[in-house]
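To start, the structure under review is shown below, and the notes come after it.
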Amino acid sequence: MRYAQFVVGPAGCGKSTYCSTIVKHCEALRRKVDVVNLDPAAEVFDYQPCVDIRELISVEDVMEDDDLKYGPNGGLIFCMEYLAEHLDWLSDQLGEMDDDYVLFDMPGQIELYTNSSAMLKLVKHLQDMNYRICGVFLIDSQFVSNVSKYMSAAFVALATMVNFEIPFVNVFSKFDLLDAEEKKQVEKFVEPVSDMLEEDAFLNSEWGKKFKKLTQAIAGIVDEYALVKFSVLNVTDEDSVNDLLLTVDNAIQFGEDSDVRVVDDLGDNGLC
Ligand SMILES: Nc1nc2c(ncn2[C@@H]2O[C@H](COP(=O)(O)OP(=O)(O)OP(=O)(O)O)[C@@H](O)[C@H]2O)c(=O)[nH]1
Ligand SMILES: *[C@@H]1O[C@H](CO)[C@@H](O)[C@H](O)[C@H]1NC(C)=O
Ligand SMILES: *[C@@H]1O[C@H](CO)[C@@H](O)[C@H](O)[C@H]1NC(C)=O
Ligand SMILES: *[C@@H]1O[C@H](CO)[C@@H](O)[C@H](O)[C@H]1NC(C)=O
Ligand SMILES: [Mg+2]
């Protein structure tokens with residue numbers, strides 16, 4: 001069995017930072033984790049990718065192509081579709097290994113996840129390669145400062161989850177940037193309860209009242225069926241990083257049917 005995390009979420013939510021944080025954390029545990037950069041628009045990141053989509057295709061190449069004439073957004077979709085047509089390239093790059101653990105650092109364009117067959121094809125291909133995959137959906141904590149914002153975040157997460165058909169761990173990132181007041185607010189959304197709607201200023205305003213019933217009904221669904229649940233990530237807190245990693249490991253049953261691989265055991269077959 002091989003293991004993978006599919007790190008997704010809106011632009012700038014901290015995907016690349018999450019990947020480098022996990023890598024550093026695992027280094028300290030002497031546990032081997034690799035990162036694959038699948039963001040064809042990436043410029044800088046703080047880790048050494050073992051596979052980089054930009055060696056296959058980059059948004060820059062696509063935009064400079066006189067025949068294609070794409071802008072940055074269309075260019076990115078084009079790149080991901082190109083990847084989906086060249087999955088053998090990815091297989092070759094990943095090599096044949098067993099028990100490897102790979103983080104896929106994905107692009108930040110949300111329609112890629114909610115409405116694209118390219119991503120689904122990628123997931124299926126990795127599953128055929130024997131990867132057990134967990135999605136990690138990151139949302140910037142600063143974007144969930146009130147109920148309305150939380151609801152929109154929850155629904156983007158949900159739209160992504162249903163599209164992928166893999167287990168998902170949803171995360172409020174950048175928790176370290178919050179002050180005490182904001183922290184309390186975000187913690188309320190970790191286990192959503194529809195009661196909290198009563199306290200929300202917006203829903204009790206003139207405009208909000210109009211939609212209160214609808215909002216309550218939607219919140220009721222999110223709440224009762226526990227469709228979306230969030231974990232928090234404070235990258236400056238080792239315990240927070242470790243808890244999140246454990247949650248994801250459990251979702252893909254990592255470490256249950258194999259001994260945890262440590263750096264010393266690695267042969268020189270396969271990747272990196
Ligand atoms: N303080 C703090 N800053 C963060 C955290 N995560 C990301 N950042 C900052 O937020 C910015 C964006 O982070 P990235 O990790 O590049 O985000 P991304 O989701 O990979 O962005 P795209 O690939 O462009 O979609 C950078 O300036 C990071 O330093 C975090 O947990 N805490
Ligand atoms: C979703 O994808 C389909 C085909 O894959 C496309 O026809 C449609 O325009 C897309 N919708 C949006 C909102 O991008
Ligand atoms: C939610 O909070 C933001 C501030 O973070 C504010 O600008 C926005 O108006 C609020 N929205 C509602 C609906 O209260
Ligand atoms: C994040 O972690 C650091 C280090 O443990 C801690 O000092 C800080 O208070 C935490 N921030 C929040 C918002 O919990
Ligand atoms: Mg990134």
Checklist entry - Partners of His125 by side-chain hydrogen bond (donor to acceptor under 3.5 Å, both in side chains), sequence neighbours excluded? => result Ser91

Checklist entry - Val228 and Ala157: which non-hydrogen atoms are nearest, and at how many Å? => result CG1-CB, 4.1 Å

Item to check | Derivation and outcome, salt bridge (charged side-chain N to carboxylate O under 4.0 Å, His left out), residues Asp99 and Lys32 | outcome: CA-CA 10 Å; Asp99 283 340; Lys32 172 120 171 113; over 6 Å; no

Next on the checklist: Within this structure, what is the CG-CG distance for the pair Asn37 and Asp52, rounded to the nearest 0.5 Å?
Outcome noted: 4.5 Å

Checklist entry - Can you list the steps and then say if Leu103 with Val33 is a side-chain contact (heavy atoms from CB on, under 4.5 Å)? => result CA-CA 7 Å; Leu103 311 177; Val33 168; 3.7 Å; yes

Checklist entry - Are Val232 and Leu177 connected in the hydrophobic side-chain network, where two residues link if heavy atoms are under 4.5 Å apart? => result no

Checklist entry - Roughly how far, to the nearest 0.5 Å, is CE of Met119 from OG1 of Thr114? => result 11.5 Å

Checklist entry - Any side-chain heavy atom of Ile133 sitting closer than 4.5 Å to one from Val123? => result yes

Checklist entry - How about Val144 and Ile139: do any of their side-chain heavy atoms sit closer than 4.5 Å? => result yes

Checklist entry - Can you find a heavy atom in the side chain of Tyr3 that is under 4.5 Å from one in the side chain of Met1? => result yes

Item to check | Shortest non-hydrogen contact between Ser141 and Val186, atoms and distance | outcome: O-CG2, 3.7 Å

Next on the checklist: Tell me every residue that passes side-chain contact (heavy atoms from CB on, under 4.5 Å) with Asp65, counting only those two or more places apart in sequence or in another chain.
Outcome noted: Asp67, Leu68

Checklist entry - Please, which pairs that meet ring pair (Phe, Tyr, Trp, His ring centres under 6.0 Å) have at least one residue in residues 48-69, sequence neighbours excluded? => result none

Checklist entry - Can you find a pair of side-chain heavy atoms, one from Val171 and one from Val169, that are under 4.5 Å apart? => result yes

Next on the checklist: Counting C-beta onward and ignoring hydrogens, is there a side-chain heavy-atom pair between Val51 and Trp89 closer than 4.5 Å?
Outcome noted: yes

Item to check | Pairs satisfying salt bridge (Lys or Arg N to Asp or Glu O under 4.0 Å), at least one member in residues 80-91, at least two apart | outcome: Glu85-Lys121

Checklist entry - With a cut-off of under 6.0 Å to the ring centre and 45° to the axis, is Arg2 in cation-pi contact with Tyr101? => result no

Checklist outcome for this item: Correct closest heavy-atom pair for Arg54 and Ala42 would be NH1-O, 2.9 Å

Checklist entry - Taking it one step at a time, do Val8 and Val136 satisfy side-chain contact (heavy atoms from CB on, under 4.5 Å)? => result CA-CA 6 Å; Val8 302; Val136 176; over 6 Å; no

Checklist entry - Which distance, rounded to the nearest 0.5 Å, do you find between the CD1 of Ile110 and the SG of Cys13? => result 7.5 Å

Next on the checklist: Is there a path of hydrophobic side-chain contacts, each under 4.5 Å between heavy atoms of I/L/V/M/F/W/Y residues, joining Val190 to Leu178?
Outcome noted: yes

Next on the checklist: With heavy-atom distances below 4.5 Å as the criterion, would you say the side chains of Pro107 and Leu112 are in contact?
Outcome noted: yes

Checklist entry - Is the backbone N or O of Lys149 less than 3.5 Å from a side-chain atom of Asn146, with the two atoms forming a donor-acceptor pair by type? => result yes

Checklist entry - Would you call Ile57 and Leu83 a side-chain contact if the rule is heavy atoms closer than 4.5 Å? => result no

Item to check | Counterpart residues, side-chain hydrogen bond (donor to acceptor under 3.5 Å, both in side chains), relative to Thr247 (two or more places apart) | outcome: none

Item to check | Closest heavy-atom pair and its distance - Ile53, Leu38 | outcome: CG2-C, 3.5 Å

Checklist entry - Short question: side chain of Arg132, backbone of Ile252 - any donor-acceptor pair under 3.5 Å? => result yes

Checklist outcome for this item: One should read off an interatomic distance between Leu90 CG and Leu126 CG, to the nearest 0.5 angstrom, of 6.0 Å

Checklist entry - Considering only heavy atoms from C-beta outward, does the side chain of Gln109 approach that of Ile77 to under 4.5 Å? => result yes

Item to check | Residues forming a side-chain contact (heavy atoms from CB on, under 4.5 Å) with Glu187, sequence neighbours excluded | outcome: Phe175, Lys183

Checklist entry - side-chain contact (heavy atoms from CB on, under 4.5 Å) between Cys50 and Val36: does it pass, once the steps are laid out? => result CA-CA 6 Å; Cys50 68; Val36 168; 4.1 Å; yes

Checklist outcome for this item: side-chain contact (heavy atoms from CB on, under 4.5 Å) filter on Asp237, not counting sequence neighbours, yields Asn234, Asp239, Ser240

Checklist entry - Rounded to the nearest 0.5 Å, how far apart are CZ of Phe137 and CG of Leu158? => result 10.0 Å

Table please: side-chain donor-acceptor pairs of residues 69-76 below 3.5 Å, with sequence neighbours left out.
from  : atom 1 : to    : atom 2 : distance (Å)
Lys69 : NZ     : Asp66 : O      : 3.3

Item to check | Over 12 non-hydrogen atoms of neighbours within 6.0 angstrom of CD in Glu60 | outcome: no

Checklist entry - To the nearest 0.5 Å, what is the distance between CE (Met151) and CZ (Phe155)? => result 6.0 Å

Next on the checklist: Considering only residues two or more places apart or on different chains, which pairs with a residue in residues 6-26 satisfy side chain to side chain donor-acceptor pair (under 3.5 Å)?
Outcome noted: Gln5-Tyr18, Ser16-Asp105, Lys24-Asp46, His25-Glu238, His25-Asn242

Next on the checklist: Please verify the inter-ring angle class for Phe168 with Phe164; under 30° counts as parallel, over 60° as perpendicular, anything in between as tilted.
Outcome noted: tilted

Checklist outcome for this item: In short, ring pair (Phe, Tyr, Trp, His ring centres under 6.0 Å) pairs touching residues 26-51 with sequence neighbours left out are Phe45-Tyr47

Checklist entry - Do the side chains of Phe230 and Val162 join up, straight or via other hydrophobic residues, at under 4.5 Å, putting them in one cluster? => result yes

Item to check | Aromatic ring proximity, centroids under 6.0 angstrom, Phe172 and Phe143 | outcome: no

Item to check | Criterion side-chain contact (heavy atoms from CB on, under 4.5 Å) on Met129 and Glu96, from CA distance to verdict | outcome: CA-CA 9 Å; Met129 286 176 74; Glu96 281 183 35; over 6 Å; no

Checklist entry - Which pairs pass side chain to side chain donor-acceptor pair (under 3.5 Å) with one or both residues in residues 158-181, sequence neighbours excluded? => result Lys124-Glu165, Asp140-Lys174

Item to check | Partners meeting side-chain hydrogen bond (donor to acceptor under 3.5 Å, both in side chains) with Asp61 (sequence neighbours left out) | outcome: Ser58

